Amino acid sequence: MGRMTHVLTALAWPYANGPRHIGHVAGFGVPADVFARYMRMRGHDVLMVSGTDEHGTPILVQADAEGLTAAEAAAKYNRIIVEDLDALGLSYDLFTRTTTGNHYKTVQELFTTLHANGYILQQRTLGAISPSTGRTLPDRYIEGTCPHCGFDSARGDQCDNCGRQLDPVDLIDPKSRINGETPKFVEEDHFFLDLPAFADALNAWLDTRTGWRTNVLRFTKNLLDEMHPRPISRDLDWGVPIPLEGWVDRPDKRLYVWFDAVIGYLSATIEWARRSGDPEAWKRWWQDPEAVSYYFMGKDNIVFHSEIWPAMLLGANGEGAKGGEPGSLGKLNLPTEVVSSEFLTMEGKQFSSSRRVVIYVRDFLERYSPDALRYYICAAGPENQDSDFTWAEFLRRNNDELVAGWGNLVNRSIAMAAKNFGAVPEPGELEDVDRELLATTKQAFDTVGDLIGANKVRAGIGEAMKAVAAANKYLADTAPWKMKEDPKRQGTVLYTVLQAVSDLKTVMSPFLPHSSQRVHELLGGEGVFAPMPFIEEVEELDEGGATDGPYPILTGDYSDVPKWESVPLVPGTVLEKPVPVFTKLEPSIVDEEIERLNA
RNA sequence: GGGGCAGUAGCUCAGCUGGUUAGAGCAGGGGACUCAUAAUCCCUGGGUCGCGGGUUCAAGUCCUGCCUGCCCUACCA
């Protein structure tokens with residue numbers, strides 16, 4: 001990707017049945033934002049899209065529990081999630097929702113194309129429904145006695161006691177976990193995506209994929225060995241209507257939530273284009289063969305992004321075993337890369353809202369800065385294997401690395417220059433040590449940049465921190481505070497270290513945009529250095545969705561991002577005594593937070 | 001049951017296609033410095049690379065069995 005390229009950065013859609021915890025943003029939010037910010041600085045035309053996933057049974061369950069309608073509950077949590085992602089500084093071009101009229105239209109269009117191409121099958125199946133509501137009762141909401149081991153609270157899909165796979169029909173005395181009633185098992189017509197028709201095309205496509213994390217590729221190839229048609233409709237009154245005669249007006253039949261959710265990547269791009277004033281602009285990311293697309297998600301979501309969504313796109317393009325023609329949306333690009341993270345655990349335990357093993361993004365940001373969280377996630381997130389969040393480790397990373405390393409470098413160098421010169425000093429002749437430090441920070445642009453481009457965020461920020469350490473060592477070696485009798489040399493040394501700090505704030509900005517903006521200002525810079533998203537209340541573009549009126553989107557203007565390169569400081573630029581950029585935390589927070597968790 | 005990933009110093013992790021005495025950061029121990037949010041810099045101890053077999057001149061690195069953890073296993077999103 002040497003030249004300017006269109007880069008779609010697609011983030012998994014947070015499910016809107018509650019606030020999101022830090023594991024969610026650790027898995028895909030922050031890593032994707034680092035990637036998008038870097039790609040923009042390299043001059044690529046990045047579009048970063050996502051939104052809240054608002055259909056499906058869990059939303060209905062949550063709404064009932066709160067005495068709200070599904071639309072109200074979805075709107076409530078959509079807003080909370082939007083505010084949290086904004087506070088973290090995730091630079092979405094558009095963060096929207098799956099309940100918009102635009103989304104409904106796009107989903108129905110894709111369904112229609114897949115149906116016309118013969119990839120949607122209608123089959124009769126036995127399913128559980130709730131007698132009181134008529135809604136599909138997902139297996140995991142059914143419990144009963146395990147027919148194998150007699151365990152009395154086996155779930156419909158699996159017995160937690162003996163571990164066996166179950167079919168809810170086989171449970172003895174099945175009950176709904178939602179309201180205790182006995183589910184009814186009925187034969188129903190449903191639609192299925194004909195996944196086996198894409199096996200060969202998917203295999204051929206996967207063989208062309210390079211650069212993926214090996215576990216994702218292996219996992220996906222393994223899935224292809226055994227593919228079955230996958231249901232895409234449900235007995236529900238909450239979701240996208242099925243756009244076929246005899247179905248579209250039925251209040252009890254909707255498209256299955258996963259089917260509509262993955263289409264959000266496409267519908268969000270279209271919504272962004274329509275709101276930008278150029279309704280055709282979405283095609284640059286979806287139809288241009290040179291465009292690339294990176295999808296970020298947790299490992300539980302791999303199958304949807306590496307198998308099912310590509311299958312849907314192949315079907316819509318008419319490229320499965322049954323052939324066909326592209327629909328009105330034209331021929332669409334398949335993912336370039338599926339970037340999956342592992343899971344973050346919490347003090348050794350799985351995150352779980354119900355068991356209260358959870359730290360919500362909102363609660364975290366009320367007490368700590370967004371860059372403190374971003375630093376932890378970048379340096380210690382679950383990139384290649386599960387990683388454990390502990391408050392002790394957070395404290396250490398923040399105090400010993402972020403504050404003592406990078407923050408201290410910024411503070412000591414600017415303070416010394418402000419005190420002795422009141423400005424960026426005019427350098428004299430550079431010596432070898434000076435040139436070496438500047439070569440190190442210049443080199444960091446390449447090494448860190450390559451690592452971010454390969455989605456190795458941990459290694460990337462590690463390399464950046466090595467350059468920070470080199471600058472701290474440079475100060476120890478040159479000791480400019482001892483140069484009172486040689487202001488010329490002192491000015492040269494301080495100029496050199498300030499230039500290094502300036503370079504490093506650029507290198508750090510994809511990871512730590514808030515603080516890089518501050519460093520930019522401390523160095524006398526003006527204007528926006530690391531642009532931030534903002535929330536905008538917008539009107540619906542189309543009828544037919546399920547939002548009730550205007551809704552908040554997360555968007556931003558990232559057109560003026562600085563380049564990924566060293567910019568020479570201007571001697572004479574006035575410097576003030578700096579206010580520390582990062583906050584050192586009291587060790588007592590560890591016990592306080594753990595207590596809060598156990599409360 | 002099937003599949004994927006992981007198990008390396010007290011902690012968090014690097015170790016690509018197998019090749020000299022297995023690395024880093026932090027914590028621990030010692031020292032230097034004082035510009036800086038007591039931050040920084042230097043030196044330093046510490047590992048039978050989950051367990052058992054096997055292939056090879058040579059394995060943390062390949063094969064196999066087992067143990068442990070996490071995820072997926074299709075109507076969970």
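Nothing here was measured: the structure is a model prediction, and the numbers come from that model. Here is the naming used below: chain letters follow the sequence lines, and residue numbers restart at 1 for every chain. The basis for the numbers below is simple: all heavy atoms, side chains too, and nothing from hydrogens, waters or symmetry mates.
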Problem set entry | Residues A:Asp400 and A:Lys584 bridged, charged N to O under 4.0 Å |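 Salt bridge flag = no for A:Lys584 with A:Asp400.
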Problem set entry | N-O pairing of A:Lys221 and A:Asp207 below 4.0 Å | yes
Among [options], the one nearest [X] by side-chain distance:
| X | options | result |
| --- | --- | --- |
| A:Glu401 | B:U40, B:C71, B:G25 | B:G25 |
| A:Ala404 | B:U40, B:C41, B:C70 | B:U40 |
| A:Asn472 | B:C41, B:C72, B:C13 | B:C41 |
| A:Arg412 | B:C71, B:A36, B:U12 | B:A36 |
| A:Trp481 | B:C41, B:C13, B:C33 | B:C33 |
| A:Lys419 | B:U40, B:C70, B:C35 | B:C35 |
| A:Phe582 | B:U12, B:C26, B:U37 | B:U37 |
| A:Val403 | B:U37, B:C72, B:C26 | B:U37 |
| A:Gln385 | B:C71, B:U37, B:C13 | B:C13 |
| A:Arg458 | B:A38, B:C75, B:C13 | B:C13 |

Provide the distance between the two [atom1] atoms, one in [N] and one in [M], to the nearest whole Å.
| N | M | atom1 | answer |
| --- | --- | --- | --- |
| B:U64 | B:U55 | P | 15 Å |
| B:A9 | B:G52 | P | 16 Å |
| B:G28 | B:A39 | P | 11 Å |
| B:C57 | B:U68 | P | 35 Å |
| B:G4 | B:C41 | C1' | 45 Å |
| B:G18 | B:G54 | C1' | 15 Å |
| B:G15 | B:G7 | P | 10 Å |
| B:U48 | B:U8 | C1' | 12 Å |

For this session: Would you mind telling me which residue lines up with the more 5' stretch of RNA chain B, A:Lys482 or A:Asn399, judged by nearest nucleotide?
Result: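 Closest to the 5' end, via its nearest nucleotide, is A:Lys482.
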Problem set entry | Residue mapping more 5' on RNA chain B - nearest nucleotide basis, A:Asp53 or A:Lys473 | A:Lys473
[X] [atom1] to [N] [atom2], straight-line distance once rounded to whole Å:
| X | N | atom1 | atom2 | answer |
| --- | --- | --- | --- | --- |
| A:Ile461 | B:A14 | CD1 | C1' | 16 Å |
| A:Glu307 | B:G4 | CD | P | 15 Å |
| A:Lys221 | B:G3 | NZ | P | 18 Å |
| A:Tyr375 | B:G25 | OH | P | 13 Å |
| A:Leu206 | B:G4 | CG | P | 15 Å |
| A:Asn411 | B:A38 | CG | C1' | 14 Å |
| A:Glu342 | B:C71 | CD | P | 11 Å |
| A:Asn384 | B:G15 | CG | C1' | 13 Å |

For this session: Answer with yes or no whether A:Asn408 presents, from its side chain, a donor or acceptor under 3.5 Å of a partner atom in the base of B:A39.
Result: no
Exercise. Do we see a donor-acceptor contact under 3.5 Å between the side chains of A:Arg412 and A:Asn472?
Worked result: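 There is such a pair (donor and acceptor under 3.5 Å, judged by atom type) between the side chains of A:Arg412 and A:Asn472.
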Problem set entry | A:Tyr474 and A:Asp434: side chain donor to acceptor below 3.5 Å | yes
For a quick check of understanding: with a heavy-atom distance under 4.0 Å over all strands, which category does [X] fall into, base, sugar-phosphate or nothing?
| X | value |
| --- | --- |
| A:Val581 | base |
| A:Met227 | base |
| A:Pro480 | nothing |
| A:Arg396 | sugar-phosphate |
| A:Thr220 | nothing |

Exercise. Using 30° and 60° as the class limits, which term best fits the ring planes of A:Tyr265 and A:Tyr295: parallel, tilted or perpendicular?
Worked result: perpendicular
For this session: On the 0 to 90° scale, with breaks at 30° and 60°, tag the A:Phe259-A:Phe111 ring pair as parallel, tilted or perpendicular.
Result: perpendicular
Exercise. So, is A:Gln123 near the phosphate of B:C75, with a side-chain N or O under 4.0 Å from OP1 or OP2?
Worked result: no
Problem set entry | NZ or CZ of A:Arg135 within 45° of A:Trp238 ring axis and under 6.0 Å |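 No, cation not above the ring by the 6.0 Å, 45° rule.
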Return the nucleotide paired to [N]: Watson-Crick means purine N1 to pyrimidine N3 with N6-O4 or O6-N4, wobble means G-U with N1-O2 and O6-N3, both under 3.5 Å.
| N | result |
| --- | --- |
| B:U34 | none |
| B:A24 | B:U12 |
| B:C70 | B:G4 |

Problem set entry | Neighbour count >12 (heavy atoms, 6.0 Å) for atom NZ, A:Lys466 |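 Check fails, neighbour count at 12 or below.
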